[in-house]
Chemist: 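Before we start, here is the structure in question, set down as structure tokens.
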Amino acid sequence: MARVAIVTGGTRGIGAAISLALKERGHTVVANYAGNEEKAKAFTDETGIPAYKWDVGDHEACLVGCQQVEADVGPIDIVVNNAGITRDGTLHRMTFDDWNEVMRINLGGCFNMAKATFGGMRDRGWGRIINIGSINGQAGQYGQVNYAAAKSGIHGFTKALAQEGAKFGVLVNAIAPGYIDTDMVAAVPEPVLEKIVAKIPVGRLGNAYEIARGVAFLASDNAGFVTGSTLSINGGQHMY
Ligand SMILES: NC(=O)c1ccc[n+]([C@@H]2O[C@H](COP(=O)([O-])OP(=O)(O)OC[C@H]3O[C@@H](n4cnc5c(N)ncnc54)[C@H](OP(=O)(O)O)[C@@H]3O)[C@@H](O)[C@H]2O)c1
């Protein structure tokens with residue numbers, strides 16, 4: 001059945017692939033983004049998927065943004081919390097601002113978007129919230145105490161909200177991607193990346209569409225008995 005879906009950070013990288021995969025399955029899709037106007041415009045021109053700009057770390061902006069989306073395209077049935085940033089550095093070098101921004105956007109964004117949409121889903125008796133965590137939230141990663149903590153928090157958030165939503169038909173799941181070939185991973189220095197790829201049993205980085213297909217499954221009626229789960233899509237790098 002066709003639904004209304006919003007994908008945060010949905011205009012590039014993994015989010016763009018998710019937006020497209022949901023559109024291909026017949027859903028009405030809206031993508032949110034933070035500020036890369038050029039990528040957002042190119043994405044909308046190419047796909048016809050409208051892009052809405054706001055900061056998912058801003059609680060009020062999420063409430064207002066989701067209200068606007070609902071006024072434009074109808075009640076939101078599916079939320080994909082994909083927006084995320086990195087501010088890497090060992091604890092020794094990491095500033096409080098590096099810590100706070102990652103928590104505010106990566107973890108706070110999930111709370112803010114859920115607050116804006118969960119009530120409506122519950123009232124209508126159907127909803128899907130899919131949170132994009134990370135292998136580094138499961139296994140930890142050197143130089144990422146902020147990111148690993150936020151992503152690990154997403155996995156806890158998912159399991160707790162799943163318990164609240166289940167009896168109202170609102171299913172909440174997470175995907176923990178491994179290393180996927182996007183701008184975020186392009187920022188990792190080449191020698192570090194080579195070492196990472198050497199540890200992936202399938203011998204390559206993942207593709208954004210490999211994550212998007214997992215999201216499309218979790219958003220579908222076929223996933224009606226799946227909630228509170230984390231789907232690891234990581235080429236076998238971390239078996240959890
Ligand atoms: N790539 C990987 O290997 C990997 C692995 C595990 C998990 N993940 C997770 O998967 C998600 C997507 O990663 P990616 O590699 O596709 O990232 P990316 O290429 O850096 O894209 C990030 C997206 O998030 C948006 N965004 C960032 N901050 C935002 C904010 N405050 N409010 C709204 N949107 C915001 C960006 O918007 P603009 O375009 O406007 O900047 C962009 O659309 C992230 O949560 C990431 O942590 C990625």
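In what follows, every heavy atom counts, from backbone to side chain, and hydrogens, waters and symmetry copies are set aside. Ligands are counted one by one from 1 in listed order, and the atoms in each one are counted from 1 as well.
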Chemist: Cut-off 3.5 Å, side chains only: do T8 and N32 have a donor facing an acceptor?
Modeler: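 No - no donor-acceptor pair under 3.5 Å links their side chains.
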
Chemist: May I ask you to identify the nearest protein heavy atom to atom 13 (O) of ligand 1, giving residue, atom name and distance to one decimal place in Å?
Modeler: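 Of every protein heavy atom, I14 CD1, 3.9 Å lies nearest to atom 13 (O) of ligand 1.
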
Chemist: Considering only NZ, NE, NH1 and NH2 on the basic side and carboxylate oxygens on the acidic side, decide whether R128 and D77 come within less than 4.0 Å.
Modeler: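 D77 and R128: not salt-bridged.
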
Chemist: For G15 and ligand 1, does the shortest N/O to N/O distance drop below 3.5 Å?
Modeler: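 The answer is no, given that G15 and ligand 1 share no N or O pair closer than 3.5 Å.
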
Chemist: Please tell me whether D88 and Y142 have a donor and an acceptor in their side chains that are separated by less than 3.5 angstrom.
Modeler: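 Their side chains do not contain a donor-acceptor pair, so the 3.5 Å distance test is not met.
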
Chemist: If you look at every heavy atom in N146 and D98, which pair is closest and at what distance?
Modeler: ND2-O, 3.1 Å

Chemist: Note the single closest protein heavy atom to atom 32 (N) of ligand 1, along with its residue, its atom name and the distance in Å.
Modeler: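 Looking at atom 32 (N) of ligand 1, the protein heavy atom closest to it is V56 N, 3.0 Å.
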
Chemist: For ligand 1, which atoms have a heavy atom of W54 less than 4.0 angstrom away?
Modeler: 32 (N), 33 (C)

Chemist: Any idea which protein heavy atom is nearest atom 24 (O) of ligand 1, and the distance to it?
Modeler: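 That would be G9 CA, 3.5 Å.
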
Chemist: Answer with yes or no whether I105 contacts ligand 1, where contact means a heavy atom under 4.0 Å from a ligand atom.
Modeler: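 The answer is yes: ligand 1 sits under 4.0 Å from a heavy atom of I105.
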
Chemist: Between E37 and K53 (salt bridge meaning N to carboxylate O under 4.0 Å), is one present in this structure?
Modeler: yes

Chemist: Kindly give the heavy-atom pair with the smallest separation between C110 and F157, and that separation in Å.
Modeler: O-CZ, 3.7 Å

Chemist: What atoms of ligand 1 come within less than 4.0 Å of a heavy atom belonging to N36?
Modeler: 38 (P), 39 (O), 40 (O), 41 (O)

Chemist: For N234 and Y179, test the side chains for any donor-to-acceptor distance below 3.5 angstrom and give the result as yes or no.
Modeler: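 No, no side-chain donor-acceptor pair sits under 3.5 Å.
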
Chemist: Can you pull out the closest protein heavy atom to atom 30 (C) of ligand 1? Residue, atom name and distance to 0.1 Å, please.
Modeler: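 Scanning the protein heavy atoms, the shortest distance from atom 30 (C) of ligand 1 goes to A34 CB, 3.6 Å.
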
Chemist: Within the 4.0 Å heavy-atom shell around N32, which atoms of ligand 1 are there?
Modeler: 33 (C), 34 (N)

Chemist: With heavy-atom distances below 4.0 Å as the criterion, list the atoms of ligand 1 near Y179.
Modeler: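 Checking each atom against Y179, I get 3 (O).
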
Chemist: Hydrogens and angles aside, do N131 and T158 bring a side-chain donor and acceptor to less than 3.5 Å of each other?
Modeler: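 On atom types as modelled, these side chains qualify, holding a pair under 3.5 Å.
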
Chemist: If you have a sec, work out which protein heavy atom is nearest atom 46 (C) of ligand 1 and how many Å separate them, to one decimal?
Modeler: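 It is Y147 OH, 3.5 Å.
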
Chemist: Give the residue and atom name of whichever protein heavy atom lies nearest to atom 10 (O) of ligand 1, and the separation in Å to one decimal.
Modeler: I132 CG2, 3.4 Å

Chemist: Does the N or O separation between G57 and ligand 1 drop below 3.5 Å for any pair?
Modeler: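 For ligand 1, there is no N or O atom that lies under 3.5 Å from one belonging to G57.
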
Chemist: From the options D58, D55, D97, select the one residue that forms a side-chain hydrogen bond (donor to acceptor under 3.5 Å, both in side chains) with R104.
Modeler: D55

Chemist: For atom 14 (P) of ligand 1, which protein heavy atom lies nearest, and how many Å away is it?
Modeler: T182 OG1, 3.6 Å

Chemist: For N82, take its heavy atoms, then give the atoms of ligand 1 lying under 4.0 Å from any of them.
Modeler: 10 (O), 11 (C), 12 (C), 44 (C), 45 (O)

Chemist: Which atoms of ligand 1 have any heavy atom of Y33 under 4.0 Å away?
Modeler: 33 (C), 34 (N), 40 (O)

Chemist: Under a 3.5 Å cutoff, is there a donor and acceptor pairing between the side chains of S232 and Q138?
Modeler: yes

Chemist: Is it the side chain (CB and beyond), the backbone, both or neither of D55 that lies under 4.0 Å from ligand 1, heavy atoms counted?
Modeler: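 It is both parts that get close, each with some atom under 4.0 Å.
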
Chemist: With a cut-off of 4.0 Å, which atoms of ligand 1 are near a heavy atom of V185?
Modeler: 1 (N), 2 (C), 3 (O)

Chemist: Within the 4.0 Å heavy-atom shell around I85, which atoms of ligand 1 are there?
Modeler: 27 (C), 28 (N)

Chemist: Taking all non-hydrogen atoms of both residues into account, name the closest pair between A40 and A51 and its distance.
Modeler: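 Distance-wise, the nearest heavy atoms are CB-CB, 4.2 Å.
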
Chemist: Please work out whether any backbone atom (N, CA, C, O) or any side-chain heavy atom from C-beta onward of L205 is under 4.0 Å from ligand 1, and answer side chain, backbone, both or neither.
Modeler: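 Under 4.0 Å from ligand 1, L205 contributes no heavy atoms.
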
Chemist: What protein heavy atom is closest to atom 3 (O) of ligand 1, reported as residue, atom name and distance in Å?
Modeler: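 Here the nearest protein heavy atom works out to I180 N, 2.7 Å.
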
Chemist: Is any side-chain N of the basic residue among R204 and D181 closer than 4.0 Å to the acidic one's carboxylate O?
Modeler: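 The answer is no: the pair does not qualify as a salt bridge.
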
Chemist: Taking all atoms of both residues into account, what is the closest heavy-atom pair of C66 and M113, and its distance?
Modeler: SG-CE, 3.5 Å

Chemist: So, 4.0 Å and heavy atoms of R12: is ligand 1 close enough to count as a contact?
Modeler: yes

Chemist: So, 4.0 Å and heavy atoms of K53: is ligand 1 close enough to count as a contact?
Modeler: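 Judged by the 4.0 Å heavy-atom criterion, K53 does not count as contacting ligand 1.
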
Chemist: Please confirm whether G178 comes under 4.0 Å of ligand 1, counting heavy atoms of the residue only.
Modeler: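 Under 4.0 Å: yes for G178.
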
Chemist: One residue to check: K151. Relative to ligand 1, which of side chain, backbone, both or neither has a non-hydrogen atom less than 4.0 Å away?
Modeler: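 The part of K151 near ligand 1 is the side chain, not the backbone.
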
Chemist: Indicate yes or no for a side-chain donor-acceptor contact from E70 to the backbone of Q67 under 3.5 Å, with no hydrogens or angles considered.
Modeler: no

Chemist: Which atom names give the shortest non-hydrogen contact between V56 and N112, and what distance separates them?
Modeler: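 V56 and N112 have their closest heavy atoms at O-ND2, 2.9 Å.
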
Chemist: Which option out of G84, G133, A150 puts a heavy atom nearest to atom 7 (C) of ligand 1?
Modeler: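 Closest candidate by heavy-atom distance is G133.
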
